[in-house]
Protein chains: 2
Amino acid sequence: MLVRISTNEMKENLEDIIQSIYLLPQQVLEDVLGHFQYLEYPKNYFLLKSGKPCKHLWFMITGAVRYFYTNDQGKEMNTWFSLDEQILTDTTSFVKQEPAQESIQLLEESEMYSIEYAALQALLQKHHPFALWYIKLVESHYVSQIEDRIADLQFLDAKERYQKILSKYPNITNRVSLGNIASYLNITQETLSRIRAGKL
Amino acid sequence: MLVRISTNEMKENLEDIIQSIYLLPQQVLEDVLGHFQYLEYPKNYFLLKSGKPCKHLWFMITGAVRYFYTNDQGKEMNTWFSLDEQILTDTTSFVKQEPAQESIQLLEESEMYSIEYAALQALLQKHHPFALWYIKLVESHYVSQIEDRIADLQFLDAKERYQKILSKYPNITNRVSLGNIASYLNITQETLSRIRAGKL
DNA sequence: GAATGCTTTTGACGTAGAACAAAAAGGGAT
DNA sequence: ATCCCTTTTTGTTCTACGTCAAAAGCATTC
């Protein structure tokens, strides 16, 4: 499923998000916006399958996705959730254009804008302000989120990590199954069920 | 301790490292090199203390450092080691210029080049190619390393993580104490000692 | 509303690694 | 060599969480 909407309607949402990262001159902004596409995808759709290079950077407007690895025993292990207004990509695969080790799957029907790797690279070369914009994006999106996550994994136990994701996404339990959350927390669903029941 | 060496001597090492990230036009390169400083610090020196904003990006030439948090109980917990030719900074603190949550301490006498945050920002605004250079730096240094680390923490047990750091830094056991490595692996030194002895 | 298939909960038991304690093994200095 | 101080190893006990198994809850569909 893929729906295009009018350029005007599209611009409003996306423009705000882009300008909130780093203000671009009007002329650069126009050029940039022209390279984004509006898309709607159904529940369970794969934005990215492991083994393929990640060719897009997505700006999700509404929806929910999970990132996951498949381990040697074939078990899927969630590494991340993003709900609603978030920037999505497999950073490692995207920046190197190498096969991704993880997959990105929708947990709900979702709407988003996307830009292709090649278009992004061309814009970086063409517009100095866009390069500065992208630096801000990488710094704020990739880096800060990810470093937080390391500290969590290293210092918090299962219960604390559960509380933390609940405070980040208070309604996550209504949108993501217990099994998926347990996988993200790297505990079994039985253990998460007991944490939830207050037995741990 | 702080030693300045001649501009010529300095340039050679640093220039290679910089150009290996992304090739800069000669004129931009000169401007950039002029903003780096050569430094030597003694063992146990703190490049960064938690609570202070991280004002520098360091290019270590030789030496060894640990990154660590201090938890609520006052226990120091290592999050990372860098040995020899590595780029060092507390990314989160550096990009936001906010107080750092972690500290960076030398484990050996070390030599490095550094550039200040303000100088870096000015160069990014001034030179489009330097902005492209910095994007490469962030993508390769910050992002790839960090994402690997998450996968390790999430999917590998203590023994596997130990083997992995050994394969990254084969001689790490000669340069970093067992206690420091155990803290990085998030296990006790007793457990690491047993892993080393093959009893686990 | 019975049947079918997911998701979540509960129970019993096993285990990796923590915590605590104490012994052993290395270095330097004198 | 001897003393002192740090680092590493060994032994014992304890606990959070995993594993396996089964039951309960909740939707869909016929």
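Atoms considered below: every heavy atom in the structure, side chains included; atoms not considered: hydrogens, waters and symmetry mates. Naming: A, B, ... by sequence-line order, numbering from 1 per chain. Everything quoted here is computed from the prediction, not taken from an experiment.
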When rounded to whole Å, the NZ to P distance for the pair B:Lys43 and D:dT6 reads 13 Å
- Less than 4.5 Å apart, any side-chain heavy atom of A:Asn44 and any of A:Glu109? no
Separation of D:dT7 atom C1' from B:Asn174 atom CG, nearest Å, is 15 Å
- prompt: Is the ring centre of A:Phe36 less than 6.0 Å from the ring centre of A:Tyr113?
  reply: no
**Pairing of A:Arg175 and A:Asp84 as salt bridge, 4.0 angstrom limit** = yes
So does A:Cys54 get a backbone contact from the side chain of A:Ser93, meaning a donor-acceptor N/O pair under 3.5 Å?
yes
Query raised in the report: Any side-chain donor-acceptor pair under 3.5 Å between A:Tyr45 and A:Gln105?
Result: no
Might you list the N or O atoms of the protein lying below 3.5 Å from N or O atoms in nucleotides 4-8 of chain C, with each pair's distance?
{"residue": "C:dT8", "atom": "OP1", "partner": "A:Leu178", "partner atom": "N", "Å": "3.3"}
{"residue": "C:dT8", "atom": "OP2", "partner": "A:Leu178", "partner atom": "N", "Å": "2.9"}
{"residue": "C:dT8", "atom": "OP2", "partner": "A:Gly179", "partner atom": "N", "Å": "3.4"}

Contact check, residues 160-169 of chain B vs DNA chain C, heavy-atom distance under 4.0 Å, returns none
### Whether A:Asn78 side chain and A:Trp80 backbone form a donor-acceptor pair below 3.5 Å
no
Give every donor-acceptor pair under 3.5 Å between a side-chain atom in residues 156-165 of chain A and any protein atom, sequence neighbours left out.
{"residue": "A:Asp157", "atom": "OD1", "partner": "A:Lys159", "partner atom": "N", "Å": "3.2"}
{"residue": "A:Asp157", "atom": "OD1", "partner": "A:Glu160", "partner atom": "N", "Å": "3.0"}
{"residue": "A:Lys159", "atom": "NZ", "partner": "A:Leu200", "partner atom": "O", "Å": "3.2"}
{"residue": "A:Glu160", "atom": "OE1", "partner": "A:Asp157", "partner atom": "N", "Å": "3.0"}
{"residue": "A:Arg161", "atom": "NH1", "partner": "A:Leu156", "partner atom": "O", "Å": "3.1"}
{"residue": "A:Arg161", "atom": "NH2", "partner": "A:Leu185", "partner atom": "O", "Å": "2.0"}
{"residue": "A:Tyr162", "atom": "OH", "partner": "A:Arg196", "partner atom": "NE", "Å": "3.2"}
{"residue": "A:Lys164", "atom": "NZ", "partner": "A:Asp152", "partner atom": "OD1", "Å": "2.8"}

The ring-ring contact (aromatic ring centres under 6.0 Å, His included) partners of A:Phe68 (sequence neighbours excluded) come to none
Sorted by chain and number, sequence neighbours left out, ring-ring contact (aromatic ring centres under 6.0 Å, His included) with A:Tyr117 holds for A:Phe94
Reading nucleotides 15-25 of chain D from 5' to 3' and marking B where a protein heavy atom lies under 4.0 Å of the base, S where only the sugar-phosphate is that close, and - otherwise, the string is --SSBBB----
* Asked: In terms of ring plane angle, is the pair B:Phe81 and B:Tyr184 parallel, tilted or perpendicular, where the classes change at 30° and 60°?
  -> tilted
